[in-house]
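Worksheet for the structure shown next.
If you're wondering where the values come from, they're calculated on a predicted model, not measured in any experiment.
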Amino acid sequence: MNHTKEHWENVYAVKSPAEVSWTQNIPAASLALLRTLPLPKTAAIIDVGGGDSRLADCLLDDGFTNVTVLDISGKAIERAKQRLGKKAAGVNWQVQDIRNYKPGRQFNVWHDRATFHFHTSEKEIESYITLLTNSVVPGGYAIIATFSQNGPEKCSGLTVSRYSAATLTERFKTGFDTVQCFTEDHLTPFNTTQNFLFCCFKRKGQE
């Protein structure tokens with residue numbers, strides 16, 4: 001991974017949500033996938049690289065009570081807390097680098113939109129997948145959204161890995177079965193289009 005905490009703190013210090021490509025007013029694709037899953041409202045859900053994404057807002061509005069948001073940028077987390085106001089107390093906020101993350105627990109759902117694709121070396125990719133696999137309960141789910149093969153080659157000035165449904169499934173096949181994959185054109189705040197691949201995986205093993 002060729003970026004640092006300093007890189008992302010600077011991004012969130014100098015750019016508003018309208019000035020970064022990943023902003024979504026409503027994370028529709030992620031919500032659609034989550035709403036298809038048989039989850040109790042007490043399900044443990046982590047949004048990896050969630051930053052100031054509005055997914056946490058939507059999960060709280062849907063009645064989920066065990067939501068964690070992890071991001072490398074403290075400024076991104078603070079922005080989300082300020083937006084949520086009193087509701088922010090209903091989220092477990094964690095400012096950590098995913099490369100050093102030790103959750104100390106397992107989750108029913110691991111959600112990652114646009115973090116995994118910043119891992120570009122084989123070592124980093126394998127380390128991430130091992131962490132994810134160990135962090136999801138058997139029968140739990142991983143929702144991974146990356147740039148597709150038709151997506152950008154860079155984001156925020158950094159090189160990314162791009163995937164097809166076949167290549168992403170291949171990455172996760174040891175610990176997960178594929179539930180579904182689809183692509184989506186994301187319209188950025190500055191009216192450019194980025195093609196994303198969304199895949200939902202189910203953790204193998206006894207529930």
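Here the closest non-hydrogen pair linking Q180 and T36 is NE2-OG1, 4.5 Å. The two atoms that bring R162 and Q149 nearest to each other are NH1-O, 3.1 Å, heavy atoms only. Across all their heavy atoms, I77 and Q94 have their closest contact at CD1-O, 4.4 Å. A pairwise comparison of heavy atoms in P103 and L131 identifies CD-CD1, 3.9 Å as the closest pair.
Within the model, atoms CZ of R113 and OG of S53 stand 7.0 Å from one another, a figure rounded to the nearest 0.5 Å. For the atom pair NZ (K204) and CZ (F176), the distance works out to 10.0 Å, reported to the nearest 0.5 Å. Here the straight-line distance linking atom OG1 of T68 with atom CD1 of I46 works out to 5.5 Å at 0.5 Å rounding. Considering CG of D47 and OG1 of T115, their distance stands at 8.0 Å, rounded to 0.5 Å. Distance check: L70 CG to I72 CD1 gives 9.0 Å after rounding to the nearest 0.5 Å.
Checked for salt-bridge contact, K87 and D57 miss the test: no charged N lies under 4.0 Å from a carboxylate O. Between R99 and E126 there is no salt bridge, since no side-chain nitrogen of the basic residue lies less than 4.0 Å from a carboxylate oxygen of the acidic one. For the pair R203 and D177, the salt-bridge criterion is not met [side-chain N within less than 4.0 Å of a carboxylate O]. Between K81 and D52 there is no salt bridge, since no side-chain N of the basic residue sits under 4.0 Å from a carboxylate O of the acidic one.
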Inset, instruction - Please lay out, stage by stage, how I144 and L168 fare under the test side-chain contact (heavy atoms from CB on, under 4.5 Å). - result: CA-CA 9 Å; I144 306 294; L168 195 60; 4.3 Å; yes
Inset, instruction - Step by step, work out the side-chain contact (heavy atoms from CB on, under 4.5 Å) result for Y128 and I98. - result: CA-CA 8 Å; Y128 177 102; I98 190 65; 4.1 Å; yes
Legend entry - Worked check of side-chain contact (heavy atoms from CB on, under 4.5 Å) between T169 and T167: CA-CA 5 Å; T169 294; T167 57; over 6 Å; no
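Around NZ of K173, the count of heavy atoms belonging to other residues, nucleotides or ligands within 6.0 Å does not exceed 12. Within 6.0 Å of the NZ atom in K41, the count of heavy atoms belonging to other residues, nucleotides or ligands exceeds 12.
With respect to F116, the ring-ring contact (aromatic ring centres under 6.0 Å, His included) criterion is satisfied by exactly one of F196, F172, F198, F201: F172. Looking at I125, D112, T146 one by one, the single match for side-chain contact (heavy atoms from CB on, under 4.5 Å) with H117 turns out to be T146.
Panel note: side chain S127, backbone K123; no donor-acceptor pair is recorded below 3.5 Å. In this structure a side-chain-to-backbone donor-acceptor pair under 3.5 Å is present from Q106 to N134. A side-chain donor-acceptor contact under 3.5 Å links D71 to the backbone of G51.
Sulfur-sulfur distance for C200 and C181: not below 2.5 Å, with no disulfide indicated.
Side-chain atoms of R54 and I26, non-hydrogen and from C-beta on, never get closer than 4.5 Å to each other. Looking at S30 and H111, their side chains come closer than 4.5 Å, going by heavy atoms from C-beta outward. Within the 4.5 Å cutoff, side-chain heavy atoms of L60 are placed close to those of L84. By the 4.5 Å heavy-atom criterion applied to side chains, I143 and L34 are counted as neighbours. The shortest side-chain heavy-atom distance between I45 and N108 does not fall under the 4.5 Å cut-off.
With hydrophobic clusters built from ILVMFWY side chains whose heavy atoms lie under 4.5 angstrom apart, L37 shares a cluster with V67.
The closest side-chain donor-acceptor pair between H119 and S161, if any, does not fall under 3.5 angstrom. Between S148 and N195, the side chains place a donor N or O and an acceptor N or O closer than 3.5 Å (distance only, hydrogens not considered). Side-chain contact, T130 with T133: no donor N or O sits under 3.5 Å from an acceptor N or O.
Taking F107 as the reference, nothing meets the ring pair (Phe, Tyr, Trp, His ring centres under 6.0 Å) condition, with sequence neighbours excluded.
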